[in-house]
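To start, the structure itself, in structure tokens.
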Amino acid sequence: MAELETSRIDMLMPANHAEAINGLLYISGGGWTDVRRLIRAGVVPPNHFGICISVRIPWHETNQAHKFVLEVQNEDATATLIHAEGELNAGRPPQLAAGDVQHAVLAINVDVVFPGPGGYRIIATLDDDKDTASWPFRVHDAHVPG
């Protein structure tokens with residue numbers, strides 16, 4: 001007997017800014033792997049960025065709540081800078097054919113002060129770790145005069 005497909009994270013990506021509107025992701029400056037901390041007179045302002053997520057939900061798991069957790073951590077997971085969690089629920093619109101897959105999209109924008117340069121990662125988990133995705137990136141210091 002074939003095993004049923006379960007919900008999974010199809011895509012996780014950082015962006016300069018992101019929005020999810022009417023089932024579509026609007027992504028500005030997506031897919032980066034390096035970001036700069038702009039330091040002026042010893043002050044480090046927050047970095048703004050978006051996190052884009054697409055979740056694939058099979059027919060038999062629609063109309064059910066799916067828990068997701070999103071974190072931004074340093075590379076050795078000793079500090080969590082952002083922690084967000086919630087639920088998503090993809091329904092079955094009338095035009096959806098039996099057996100078809102739904103895609104639920106999420107965009108979360110954050111402002112975070114990175115404690116220092118180095119490696120960080122975005123981690124998304126779905127349904128109590130049934131699926132996990134991560135995106136590593138590096139933070140570099142950029143000293144700005146003034």
Side-chain angles (χ1 to χ4, degrees), residues 5-97 100-146:
E5 177 184 15
T6 61
S7 297
R8 69 175 191 259
I9 300 166
D10 268 346
M11 190 264 302
L12 171 69
M13 179 177 61
N16 291 343
H17 186 80
E19 294 184 32
I21 302 171
N22 295 326
L24 300 174
L25 277 173
Y26 293 86
I27 302 167
S28 175
W32 46 258
T33 56
D34 292 272
V35 66
R36 306 272 184 267
R37 286 186 340 146
L38 299 177
I39 302 170
R40 180 174 307 197
V43 177
V44 180
N47 281 75
H48 172 86
F49 65 96
I51 301 169
C52 313
I53 305 167
S54 176
V55 177
R56 178 184 174 92
I57 302 174
W59 171 265
H60 65 278
E61 290 191 1
T62 56
N63 293 323
Q64 298 175 28
H66 296 277
K67 181 182 176 185
F68 73 90
V69 176
L70 181 72
E71 293 187 330
V72 176
Q73 302 176 340
N74 63 351
E75 67 186 333
D76 60 2
T78 58
T80 299
L81 307 173
I82 300 287
H83 177 90
E85 50 185 88
E87 289 184 348
L88 59 94
N89 190 333
R92 292 182 188 156
Q95 71 276 14
L96 189 70
D100 279 357
V101 169
Q102 291 279 69
H103 292 273
V105 296
L106 305 163
I108 300 167
N109 290 286
V110 299
D111 292 301
V112 62
V113 175
F114 293 105
Y120 294 85
R121 62 186 175 170
I122 301 166
I123 301 169
T125 57
L126 185 66
D127 292 333
D128 297 318
D129 295 331
K130 285 184 183 172
D131 192 35
T132 301
S134 67
W135 185 286
F137 62 96
R138 295 207 67 75
V139 173
H140 307 275
D141 281 349
H143 294 275
V144 179

Are V112 and P46 close enough that some pair of their side-chain heavy atoms sits under 4.5 Å apart? no

Kindly indicate whether the side chain of L12, heavy atoms from C-beta on, has any atom under 4.5 Å from the side chain of I51. yes

Tell me if a side-chain donor or acceptor on D131 pairs with a main-chain N or O of L126 at a distance below 3.5 Å. no

Are the side chain of W135 and the backbone N or O of W32 linked by a donor-acceptor pair below 3.5 Å? yes

Which salt bridge (Lys or Arg N to Asp or Glu O under 4.0 Å) pairs, counting each pair once, include a residue from residues 8-33, with sequence neighbours left out? E5-R8, R8-D10

The criterion is side-chain contact (heavy atoms from CB on, under 4.5 Å); which residues satisfy it with [X], sequence neighbours excluded?
X: V105; value: A20, L25, S54
X: P93; value: Q95, L96, Q102
X: V43; value: none
X: P117; value: R37, D141

Looking at every heavy atom in both [X] and [Y], which two are closest together, and how far apart are they?
X: A124; Y: I9; result: O-CD1, 3.4 Å
X: A15; Y: C52; result: CB-SG, 4.1 Å
X: G116; Y: V139; result: O-CG1, 3.9 Å

Which residues share a side chain to side chain donor-acceptor pair (under 3.5 Å) with [X], sequence neighbours left out:
X: D34; answer: H140
X: N74; answer: D76, T78
X: E85; answer: H83
X: R92; answer: T62

Of all pairs that satisfy side-chain hydrogen bond (donor to acceptor under 3.5 Å, both in side chains), the ones with a partner from residues 107-126, not counting sequence neighbours: H17-N109, H48-D111, Q73-R121

Between atom CD1 of I57 and atom CG of N89, what is the distance when rounded to the nearest 0.5 Å? 7.5 Å

In Å, rounded to the nearest 0.5 Å, how long is the span from CE of M13 to OG1 of T33? 12.5 Å

Using 30° and 60° as the class boundaries, would you call the ring planes of F49 and F114 parallel, tilted or perpendicular? parallel

Quick one: side chains of residues 63-70, donor-acceptor pairs under 3.5 Å with protein atoms, not counting sequence neighbours, listed by atom name and distance.
from: Q64; atom 1: NE2; to: H60; atom 2: O; distance (Å): 2.9
from: H66; atom 1: ND1; to: D127; atom 2: OD2; distance (Å): 2.9
from: H66; atom 1: NE2; to: E61; atom 2: O; distance (Å): 2.8

